[in-house]
Amino acid sequence: MIKVENLVYTYPSNEAPTLKGLNFEINTGEVFGFLGPSGSGKSTAQKVLYKILKGFSGKVEVNGKDLTEWDNSYFEKIGVGFELPNHYMKLTGKENLELFASFYPKALSQSIESLFEMVDLTEAINKPVESYSKGMKMRLNFIRAIQHDPDILFFDEPTSGLDPVNAHKIKQHILNLKEAGKTIFVTTHSMETADHICDRVAFIVDGKLVATDSPQRLKHQYGKEAVKVELVKNEVQEFPLADIGNNQEFLTFIKGKEVKRMQTLDATLEEVFIKVTGKSLIG
Amino acid sequence: MQKLLKLALMDFKLIFRDPSLKSFLALPLLLFAIVIFGFPYLVTEFEGVKPYLDVMMVVVLVENTQMFCFINSMVLLDEKETEVSKVYGIVPLSIFEFITSRFLFPYLFTLLLNVAMLEVQTFYEVPLMQNLLLSAIAALIVPVYALGINSFVKNRMQGMVYAKAFNILVLIPFAAFFVPEQFKWAFGLFPTHWLFQGMDQLLAGNSPFLNLGIATAYLLILLIVLSKTFKRSHFS
Ligand SMILES: Nc1ncnc2c1ncn2[C@@H]1O[C@H](COP(=O)(O)OP(=O)(O)OP(=O)(O)O)[C@@H](O)[C@H]1O
Ligand SMILES: [Mg+2]
């Protein structure tokens with residue numbers, strides 16, 4: 001359980017704050033996402049929470065204890081999937097993982113081999129990391145973050161640099177971790193990722209949160225509750241969803257016709273984001 | 001304890017898999033060759049160098065520490081450049097444990113090299129206890145130097161430049177042997193000055209303890225201060 005109140009953070013080299021008063025909570029067993037354009041402060045917020053950046057103002061509580069009061073044992077509880085690959089290039093994947101595993105007092109619950117297998121890196125386990133592709137290094141980041149079975153996980157752009165198949169797998173692993181009761185904080189600028197794995201997302205723009213809710217509710221709130229019907233002969237019409245079974249106009253429209261496509265007019269998360277923030281996610 | 005060993009051993013893997021660092025391991029061999037073969041040759045061939053033998057010996061002892069100064073600095077810089085250092089910021093490892101495991105072996109190794117160096121040379125009688133004491137203090141240069149470089153430098157390229165500068169900084173107090181007595185103490189700003197003077201007195205058979213005491217205190221204070229600046233710059 002993470003509770004953040006009025007979090008303000010200014011980089012020592014900057015005058016203006018990067019985080020301008022964030023308020024949010026992440027519940028145990030929840031996947032919570034920060035969705036926002038580049039430079040909005042997603043990584044900065046995570047760095048404050050995993051105690052790399054100090055000197056913030058506001059209140060951060062983790063499992064009921066103030067972040068500043070946590071000692072080194074905090075790091076036994078958390079796992080961090082960094083935004084960019086960072087490994088010893090001259091060491092093998094296995095050596096990299098074993099080294100960092102050795103700092104935790106608890107024995108690993110999973111063998112290193114099974115972790116490599118989980119992300120399809122079995123072949124590469126004994127190869128030096130300098131021979132890995134970017135996507136392979138990112139997958140190594142992922143298993144390094146989870147290897148000590150932490151309760152709280154931070155993933156900064158966990159699917160960046162991955163092909164669709166591997167991206168899908170990582171998302172599935174994140175959902176499995178959630179099933180196992182982990183508290184998970186992800187950042188992404190992929191709507192698709194946010195929509196797929198997050199129980200709740202917060203839109204972050206220029207260091208401020210502008211909306212926080214479940215993807216479903218956001219899409220629902222900003223979409224039209226209507227169905228769009230497209231006939232083969234290119235006739236298109238929209239009908240409200242409410243009581244649609246008794247809507248004579250709708251029934252007549254589809255009766256005896258060849259329907260090409262029917263879709264509800266939920267907004268995509270992307271559309272919601274643009275509506276709420278007036279900004280596009282890209283750029 | 002186990003985690004400290006694991007990290008220390010990993011450093012050796014990193015050194016041996018990096019050709020440029022591995023080649024630096026040969027530096028002490030060169031220095032030993034100079035002391036064992038070069039110095040006796042010089043002394044027999046050129047009478048005139050004899051008065052300078054003690055300062056030459058002091059320089060060789062300090063150069064002995066430069067191997068791990070350089071290697072350790074580069075390993076840490078590499079780690080920073082590839083951002084692996086950030087991972088140490090989120091594992092349950094204290095700065096004390098980190099520094100101990102990164103420097104314990106290089107420190108002990110350098111200490112032994114110095115002890116051996118003073119044992120193999122044939123010009124001076126150095127009691128073993130004094131040898132150990134002097135070598136232990138001189139080896140403190142290793143962590144001070146590496147933490148110093150890594151507190152100010154961002155990448156390996158910059159590190160090379162700084163390493164040269166630091167190398168000169170370490171050796172500058174050598175000049176104190178050649179200036180009039182009343183200017184000598186100006187070199188006291190450099191921590192190695194006290195070490196140089198202490199070594200020189202030890203070789204001359206005088207009591208080195210005041211100089212060595214100041215050197216120890218100076219180096220330990222620098223070690224503590226630089227650990228703090230290093231902590232700020234390395235992990236975030
Ligand atoms: N070390 C630093 N010193 C000064 N400013 C920084 C530093 N790191 C980041 N910033 C600034 O803080 C702002 C937020 O950066 P941050 O990395 O949190 O963005 P982000 O939302 O994670 O972006 P991206 O999607 O590109 O990863 C940016 O304007 C950036 O320039
Ligand atoms: Mg980021």
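Every chain is numbered from 1 and lettered A, B, ... according to where its sequence line falls, protein lines coming before strand lines.
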Next item on the list: Tell me, yes or no, whether the heavy-atom count around A:E117 atom CD, taken from other residues, nucleotides or ligands under 6.0 Å, exceeds 12.
Entry: no
Next item on the list: Determine the option with the most heavy-atom pairs under 4.5 angstrom with chain B, choosing from A:K54, A:R144, A:H148.
Entry: A:R144
Item checked: chain A interface, residue from B:S94, B:S236, B:P92, B:S85 that has the most non-hydrogen pairs under 4.5 Å -> B:P92
Next item on the list: Mind checking the NE2-CD spacing from A:H87 to B:E79? Nearest 0.5 Å is all I need.
Entry: 13.5 Å
Margin query: Quick check on B:K231: does its NZ atom have over 12 non-hydrogen neighbours (other residues, nucleotides or ligands) under 6.0 Å away?
Written below: no
Check: Contact part of A:K51 toward chain B, heavy-atom cut-off under 4.5 Å: side chain, backbone, both or neither?
Finding: neither
Note to self: I'd like to verify something: which residue of B:L93, B:T82, B:V87 has the highest number of heavy-atom pairs under 4.5 Å with chain A?
What the structure shows: B:V87
Margin query: Is it the case that the side chain of A:N86 and the backbone of B:E83 share a donor-acceptor pair, with hydrogens and angles ignored and the cut-off at 3.5 Å?
Written below: yes
Margin query: Once rounded to the nearest 0.5 Å, what's the spacing between atom NZ of A:K47 and atom NZ of B:K86?
Written below: 4.5 Å
Margin query: Check B:R17 with A:E95, please: is the shortest side-chain N to carboxylate O separation under 4.0 Å?
Written below: yes
Margin query: I'd like to know whether CZ of B:F109 has more than 12 heavy-atom contacts from other residues, nucleotides or ligands below 6.0 angstrom.
Written below: no
Check: Does A:Y104 OH have over 12 foreign heavy atoms under 6.0 Å away?
Finding: yes
Next item on the list: Specify the closest pair of heavy atoms between B:L14 and A:Y88, including all atoms of both residues, with the distance to one decimal.
Entry: CD1-CE2, 3.6 Å
Next item on the list: Please indicate whether B:K164 has more than 12 foreign heavy atoms, meaning atoms of other residues, nucleotides or ligands, lying under 6.0 Å from its NZ.
Entry: no
Next item on the list: Could you check A:F154, A:F103, A:F82 and say which one makes a side-chain contact (heavy atoms from CB on, under 4.5 Å) with B:I90?
Entry: A:F82
Margin query: At a 4.5 Å cut-off on heavy atoms, which part of A:P85 comes close to chain B: side chain, backbone, both, or neither?
Written below: backbone
Checklist line | Within 6.0 Å of NZ in B:K228, more than 12 heavy atoms from elsewhere | finding: no
